[in-house]
Amino acid sequence: MLDPKLLRSDLDHVVAKLRIKNYELDVASFSQLEERRKSLQVDTQNLQGERNSRSKAIGTAKAKGEDIQPLLDEVAVLGDQLKAAEAELSELQDSLDDLLLGIPNVPDDSVPAGNSEDDNEEVLRWGEPPAFDFEPRDHIDLGQALGGMDFERAARLSGARFVTMTGSLVTLHRALIQFMLNQHILEHGYTETYTPYLVNEATLTGTGQLPKFKQDLFHIDSENHNLYLIPTAEVPVTNFVAGSIVEAEQMPLRFVAHTPCFRSEAGSYGKDTRGMIRQHQFEKVELVQVVKPGDSMAALEELTGHAETILQLLGLAYRKVVLCGGDLGFASTKTYDLEVWLPGQNTYREISSCSNMTDFQARRMKARWRNPKTGKPELVHTLNGSGLAVGRSLIAIMENYQRADGSIQIPDVLLPYMHGMTEIRV
RNA sequence: GGAGAGAUGGCUGAGAGGUCGAAAGCGCUCCCCUGCUAAGGGAGUAUACGUUAAUAGCGUAUCGAGGGUUCGAAUCCCUCUCUCUCCGCCA
């Protein structure tokens, strides 16, 4: 959520900023609601004040043993007026909140303009795409040939966009998770976390998935439960600090979590339908930081660097792009995508997305820290990034480390997790 | 699943229809005293919103959440959520 004060004091500026994100703020609706809210709130508070002072007078009169009936008669009409005013105000407040919850975060000044991923700006390329003296295969061919990856079986169990895996490929998948976790915990200073995979509406509202993006989520709506499957660990982990005040000396908080992620992928029909690129269920190692407001842009660079380190240690060629305004997520002010080279697709594909949400999520979650300079609680800044998406990492390893005979070489950093295996073959 | 108890400020914890945004203690901040250490005295110490030049005043709201009763609710009633204790079941 944006700062309502900012919207009131500098609306034109916010509108201009949001245009970079291709979002047109409904200024008329906002101004109208805001104006009515103001006058209605003043009226309501005046009525409340009157009721309070009169009730107090009744109290003191009663204590003195005076006849209070005349006072009661005076106050009789006040109740209904007040009730009506309060009802109207709360209704108005709700519409205003709905509007505010639907407005995206404003982009950082460094974010380039643009409409789609084609307008994203490349910041760097690392590594060389491998040169093969044979025609490289994609992970689907490789996985089927190796016998460990089966999309048809998964479709019988669940439907499209699922996979079953067996054997060494699963070991490799698990090795990737262990390697990433250990790197972030032992080398990058993150605290390992375990979280629920089902969360409530308040939690998803805190990070910004609700109310606007309900269609992207899997929803458990049963007699006794109203829960959603997490689309990313960002949701439960960032909400660790919801409603709390973090001590200054504890910051920055750095959390890493490995969780499954569930996405309905509504609206992506026909996109990436083959293979493991876009699934309803996938594993991700997620990085979350909670930092002091002044530190968040530096923290974004740092966090993105932590994700890059994983790619570098795995020896995977990648490029780093800054998302343009039109491609920027709802809650983000600035996002770096890391795109790994996939020989099977002959292109770079997103494997990590690292974002600075500034105080946008913190305001929704009421996540604050106590600023020693002011002694007051102030909103924290939150960041998150994939470090990395595990399923896509598996694909990347398979396609980049494939050999002419269809076997797959295990990258050195994963060897400690592979029970002595140095390659995967039929 | 059954029975019971509870939820109050940064923390502990009083308060049981009116003068309660809330006693007291702890913690924290400032000041005084005291030549170290320790101790003592005083003052202050929630958040949001509105009004405003203002972090000054003033007003409004907030005692788990949401409804209700009442002129007036932390206090009474209802619903929900969560926590604790005992029993049952269980990976």
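Convention: sequence-line order gives letters A, B, ...; per-chain numbering from 1. It should be emphasised that the depicted structure is a prediction, and the values quoted were computed from it without experimental measurement.
- Nucleotide G50(B) holds its C1' atom 11 Å from the NZ atom of Lys5(A), rounded to whole Å.
- In this structure, CD of Glu249(A) is placed 12 Å from C1' of G10(B), rounded to the nearest angstrom.
- Going from the P atom of A74(B) to that of U60(B) covers 14 Å, rounded to whole Å.
- When rounded to the nearest whole Å, the span between CG of Leu89(A) and P of A61(B) equals 12 Å.
- For the P atoms, the distance from A46(B) to G10(B) is 9 Å, rounded to whole Å.
- A 3.5 Å limit on both hydrogen-bonding distances identifies G57(B) as the Watson-Crick or G-U partner of U51(B).
- Taking only side-chain nitrogens and oxygens, Arg370(A) never comes nearer than 4.0 Å to OP1 or OP2 of C28(B).
- Spacing between atom CD of Glu74(A) and atom P of U70(B) amounts to 20 Å, rounded to whole angstrom units.
- A22(B) and G9(B) have their P atoms separated by 15 Å, given to the nearest Å.
- The pairing partner recorded for A16(B) is none, the criterion being a Watson-Crick or G-U wobble arrangement whose two distances lie under 3.5 angstrom.
- Across all strands shown, A38(B) forms no Watson-Crick or G-U wobble pair with both key distances under 3.5 Å.
- Residues Arg156(A) and Glu152(A) are not paired through a salt bridge, judged by the lack of any N-O separation under 4.0 Å between the basic side chain and the carboxylate.
- Within the nucleic acid shown, Lys83(A) comes within 4.0 Å of sugar-phosphate atoms alone, with no base atom in reach, counting heavy atoms only.
- Under the 4.0 Å criterion applied to side-chain N and carboxylate O atoms, Glu201(A) and Lys214(A) are not assigned as salt-bridge partners.
- Checked against A61(B), U47(B), G59(B), the side chain of Gln45(A) finds its nearest nucleotide in G59(B).
- One atom, CG of Asn226(A), and another, P of C82(B), lie 12 Å apart when rounded to the nearest Å.
- Nucleic acid contact for Lys38(A): sugar-phosphate only, since backbone atoms but no base atoms lie under 4.0 Å from a heavy atom of the residue.
- To the nearest whole angstrom, the two P atoms, one in C71(B) and one in C28(B), are 48 Å apart.
- For the C1' atoms, the distance from G44(B) to U37(B) is 27 Å, rounded to whole Å.
- Nearer the 5' end of RNA chain B, as judged by each residue's closest nucleotide, is the contact made by Arg368(A), out of Arg368(A) and Leu82(A).
- Evaluation of atom-type donor-acceptor distances gives a pair under 3.5 Å for the side chain of Lys62(A) against the base of G18(B).
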- [ ] Could you give me the CA-CA distance, side-chain angles and deciding distance for Lys83(A) and Glu86(A), then say whether salt bridge (charged side-chain N to carboxylate O under 4.0 Å, His left out) is met?
- [x] CA-CA 5 Å; Lys83(A) 213 167 257 183; Glu86(A) 279 175 344; over 6 Å; no
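- When the P atom is used for both G68(B) and G57(B), the distance is 35 Å, rounded to whole Å.
- In this structure, a donor-acceptor pair under 3.5 Å is present between the side chains of Tyr190(A) and His306(A).
- Under the 3.5 Å distance criterion, the side-chain polar atoms of Thr203(A) are left unmatched by any main-chain donor or acceptor of Val199(A).
- Distance, Asn46(A) CG to G50(B) P: 15 Å, rounded to whole Å.
- Going from the P atom of A7(B) to that of A61(B) covers 24 Å, rounded to whole Å.
- The interatomic distance linking Gln41(A) (CD) with U52(B) (P) rounds to 13 Å, in whole Å.
- Between Arg263(A) and Glu265(A) there is no salt bridge, since none of the side-chain N atoms of the basic residue sits less than 4.0 Å from a carboxylate O of the acidic one.
- In this entry the distance linking CG of Leu40(A) with C1' of A61(B) reads 15 Å, nearest Å.
- Here the side chain of Lys56(A) is nearest to one of A61(B), U19(B), G10(B), namely U19(B).
- Both distances falling under 3.5 Å, in either a Watson-Crick or a G-U wobble arrangement, occur for no nucleotide opposite U70(B).
- Shown here, C63(B) forms no base pair; nothing in the strands shown gives a Watson-Crick or G-U wobble contact with both key distances under 3.5 Å.
- Residue-level contact check: Arg363(A) touches neither bases nor backbone, having no heavy atom under 4.0 Å from any strand.
- Look at G6(B): its Watson-Crick or wobble partner, with both distances under 3.5 angstrom, is C82(B).
- Look at the P atom in both G42(B) and A48(B): the space between them is 31 Å, to the nearest Å.
- A centroid separation of less than 6.0 Å is found between the aromatic rings of Phe218(A) and His280(A).
- When distances are taken from the side chain of Ile58(A) to each of C49(B), G18(B), U47(B), the shortest belongs to G18(B).
- The nucleotide G88(B) finds no pairing partner, because no Watson-Crick or G-U wobble arrangement with both distances shorter than 3.5 Å includes it.
- The nucleotide U45(B) finds its pairing partner in G27(B), both defining distances of the Watson-Crick or G-U wobble pair being shorter than 3.5 Å.
- The Asn52(A) side chain lies nearest to A61(B) when the options are G72(B), C49(B), A61(B).
- Looking at Arg274(A) and Asp138(A), a side-chain N of the basic residue comes within less than 4.0 Å of a carboxylate O on the acidic one, giving a salt bridge.
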